[in-house]
2 protein chains.
Amino acid sequence: MGESAKAVETSTRILDAAELLFVEHGFDATSMRLITQAAGVNIAAVNYYFGSKDGLFKAVFERRAEPFARLFLGHLDQLERQYANPSAKQVVEAFVAAAIELGQEASLGGLIFVRLLARTFVEPHPVLKESMPRRYSELTRRYISALVKSLPHLSEAEVHWRFHFLANAMFNAFAGTNVLRLFMAHPIVNARDPQMVARMLVPFVVAGLDAQAAMPELVDQNS
Amino acid sequence: MGESAKAVETSTRILDAAELLFVEHGFDATSMRLITQAAGVNIAAVNYYFGSKDGLFKAVFERRAEPFARLFLGHLDQLERQYANPSAKQVVEAFVAAAIELGQEASLGGLIFVRLLARTFVEPHPVLKESMPRRYSELTRRYISALVKSLPHLSEAEVHWRFHFLANAMFNAFAGTNVLRLFMAHPIVNARDPQMVARMLVPFVVAGLDAQAAMPELVDQNS
DNA sequence: GTCTATATTCCGATAGAC
DNA sequence: GTCTATCGGAATATAGAC
């Protein structure tokens, strides 16, 4: 390692700073000047390493996308090896565990990528609208497939709806956006504590998944 | 009515166009040039009527904030007159009904304000961080209070957590952001149909509210 | 690889004629 | 009230020296 010196690579410092700022203030509101200043690098470095601001966003996303998918699918594999018919609760817990482990793996304090993912739902960046389905279609397919098997009292369409609600609730919960803070001066909950969030969230969403069907009469009418 | 002619007032046309564009692309990504062009008015009209872009956002928000609060509190009043102890399901349905009625009152197609509210949670606009608690604190207090009474098996702190999850799930559901579309090429659910969303959503969140406590041992340890 | 300096574009806001 | 023209600033991106 002849050229030691630098503690952290320049490109990594940029990724770290950008990840945090994108989550905190959004993509548009985060200027490259702010990013490079926070990272302690020159303004031109972003273009040198990532080509453009869009390229930087894609790189920020891609860095965590693969490890997260690998963690979750690993949990799901193990679950399906151990049990013939995993419950909805076990499937949800596999997902939550992956999110928390990712937050602990990354040297950063929180579940920053999960928060970034949550923001991406509400304001999808054009760069990702193309690459996300390709990368996550298998994960989504296996997640929903496991839920379908664990919820035999629901039609497949209704499981899709519940997965839709589940994903919204979970990602927003881990995003740490405290809804209550907007409505009351002194909210009780601490939305930033991921362990607490996970503990409170799992019973809520699992009960929602297990609930009776809202659409039992799916195909018995031909209006 | 001496000066007839104009079908819709200029300021109203601006509000309509801005409301839609803010929801679709966010505040920062929506330029005043885009708004005035969509509204078919002059660029300077925004500053003339609303003073600034921030003033316009505030006006967009304020136009729907009061009617929505009035609708929901009306439903809650009626509910508490009719029943001694309204169930969590009834409280949730009062909220959903208010959202849908607001969407039908406004001549626009969808539940645009509810979608705007959902976006506001994820990227809170500075202008609202001050005015929102003042306007909605009573609504939130009464909503949570009704839930606390309807869920006697939960501690007040846990009800606050569930309200946090509930609000996230509901607003995002009505926001019409199709999470599944980001993950799969051809999702089944149509997240833009508010009637369908309401029908699928209510059983999910009500079951989540009714679920057993995750924090039964709240105060029995003094670590 | 890293820096300075700059090109280019777009933004919100305003002045002033009509 | 409505318009044109423009100001001042900030953004991304790049050219070119070192």
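Computed from a prediction, not measured in an experiment: that's the story for all the values here. Numbered from 1 within each chain, the chains take letters A, B, ... in sequence-line order.
Ionic pairing of A:R142 and A:D77 is present here: one or more N-O contacts between side-chain nitrogen and carboxylate oxygen are shorter than 4.0 angstrom. In this structure, B:R63 pairs ionically with B:D16, as a charged nitrogen and a carboxylate oxygen lie closer than 4.0 Å.
Residue contacts shown for A:T36 are absent, as no nucleic acid heavy atom lies under 4.0 Å away.
The shortest heavy-atom contact between A:M196 and B:W161 is CG-CZ2, 3.6 Å.
Dashed line: the shortest gap from a side-chain N or O of A:N42 to OP1 or OP2 of C:dG1 is not under 4.0 Å. Contact between the side-chain N/O atoms of A:T10 and the OP1/OP2 oxygens of C:dG1 is not found at any separation under 4.0 Å.
Applying the side-chain contact (heavy atoms from CB on, under 4.5 Å) test to B:N178 and every residue at least two apart in sequence or in another chain returns A:H164, B:L180, B:R181, B:P187, B:V189, B:A191.
B:L34 places its CG atom 19 Å from the P atom of C:dT9, with the value rounded to the nearest Å. Remark: P of D:dG1 and OH of B:Y48 are 5 Å apart, rounded to the nearest angstrom. Taking atom CZ of residue B:F50 and atom P of nucleotide D:dT2, one finds them 12 Å apart after rounding to whole Å. Note: CG (B:D28) to C1' (C:dC10) measures 14 Å, nearest angstrom. If you measure from atom CD of A:Q37 to atom C1' of C:dC3, you get 16 Å, rounded to the nearest angstrom.
With C:dC11, C:dT2, D:dG1 as the choices, the nucleotide that has an atom nearest any side-chain atom of A:Y49 turns out to be C:dT2.
Checked by atom type, the side-chain pair A:H25/B:E123 shows no donor-acceptor distance below 3.5 Å.
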Practice task
Summarise how protein sits on nucleotides 13-18 of chain C as a single string, 5' to 3': B when a protein heavy atom is under 4.0 Å from the base, S for sugar-phosphate-only contact, - for no contact.
Solution key: SB----
Output a table of donor-acceptor pairs, distance under 3.5 Å, between side-chain atoms of residues 37-51 of chain A and any protein atom two or more places apart or on a different chain; print 'none' if there are none.
residue, atom, partner, partner atom, Å
A:N42, OD1, A:A44, N, 2.9
A:N47, ND2, A:G51, O, 3.2

